[in-house]
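Below, all heavy atoms of this structure are taken into account, side chains as well, without hydrogens, waters or symmetry copies. Ligands are counted one by one from 1 in listed order, and the atoms in each one are counted from 1 as well. Values in this document were obtained by computation on a predicted structure and should not be read as measured data.
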Amino acid sequence: MELAARIRKIPDFPKPGILFYDISTLLIDPAAWRETIGRLAEAARAFRPEVLAAIESRGFLLAAPLALELGVGFVMVRKVGKLPGTVVSHSYDLEYGSDTLQLADGLIRRGSRALVVDDLIATGGTAAASVELLRKVGAEVVGALFLIELEGLEGLARLPVPGRSILRFPA
Ligand code: AMP
């Protein structure tokens, strides 16, 4: 099945000059979504993860069915102020300014093999920050998995862990 054709491309969103890759047109098609999760599961198994760490918010959509398919748990890497209880934070630099990601403290067993999951990797900044956050709570980050990789930005090469993607598109 041609999964790449199921991804909708929206020019100038959320700002001029950005070509947005929208997975809504994949989610609405159950056969294509089933195939997507199957292909992600095959790639994920090679990392032998014990827990998936999904990046807000589209990473959650991938990681929830993927975790069930693999028989592992998943944790949410969230933006500031969304998680209840004690959290661990990690701030990282953006082109202009900075951003912060958070994870519940004490949720992941120390030494767990964690796999970062998101819908798309562009520069790799968000995923790299997620790796640092997971390391802060004592996880062993074994890799990162994305449905889409934007070519030419070298996002996977910038990660401190091995990364894989299923589909590749121009940035
Ligand atoms: P980056 O940190 O540059 O790798 O950006 C990755 C994050 O931003 C992911 O959570 C993506 O969902 C989102 N993102 C970045 N660029 C795009 C794009 N062109 N289309 C859709 N989502 C994007």
With a 4.5 Å cut-off on side-chain heavy-atom distances among I, L, V, M, F, W and Y, is there a chain of contacts connecting Leu120 to Leu145? yes
Between Lys136 and Ser89, is there a donor-acceptor pair closer than 3.5 Å when you use the side chain of the first and the backbone of the second? yes
At under 4.0 Å between heavy atoms, is it the side chain or the backbone of Thr123 that contacts ligand 1, or both, or neither? both
What protein heavy atom sits nearest atom 13 (C) of ligand 1, and how far off is it? Arg58 NH2, 3.9 Å
Protein heavy-atom contact under 4.0 Å for atom 4 (O) of ligand 1? yes
Polar atom proximity, Ile18 to ligand 1 (N or O, under 3.5 Å): no
Out of Val77, Leu120, Leu159, Leu147, who gets a non-hydrogen atom closest to atom 6 (C) of ligand 1? Leu120
Taking only non-hydrogen atoms of Asp118 and a 4.0 Å limit, the atoms of ligand 1 in range are 9 (C), 10 (O)
I need the nearest protein heavy-atom contact for atom 8 (O) of ligand 1: residue, atom name and distance, please. Thr126 OG1, 4.7 Å
Where do Leu26 and Ala32 come nearest, in terms of heavy atoms and distance? CD1-CB, 3.7 Å
Would a distance-only check, ignoring hydrogens and angles, find a side-chain to backbone donor-acceptor pair under 3.5 Å from Thr25 to Arg6? yes
Suppose we measure from atom 19 (N) of ligand 1 to each protein heavy atom; which comes out shortest, and what is that distance? Leu19 O, 2.8 Å
Which of the atoms of ligand 1 are close to Asp119, meaning less than 4.0 Å from one of its heavy atoms? 11 (C), 12 (O)
How far apart are the closest heavy atoms of Leu101 and Thr126, and which atoms are they? CD1-O, 3.8 Å
Might you point out which heavy atoms bring Val142 and Phe47 nearest each other, and give the distance in Å? O-CD2, 3.4 Å
Contact with ligand 1 for Gly124, non-hydrogen, under 4.0 angstrom: yes
Begin with the C-alpha distance, continue with both residues' side-chain angles, and end with the deciding distance and a verdict on side chain to side chain contact (heavy atoms under 4.5 Å, CB included) for Leu62 and Asp119. CA-CA 7 Å; Leu62 275 66; Asp119 67 326; 4.1 Å; yes
Hey, are the side chains of Ile148 and Phe169 touching, using non-hydrogen atoms and a 4.5 Å cut-off? yes
The protein heavy atom nearest to atom 20 (N) of ligand 1 is Tyr21 N, 3.0 Å
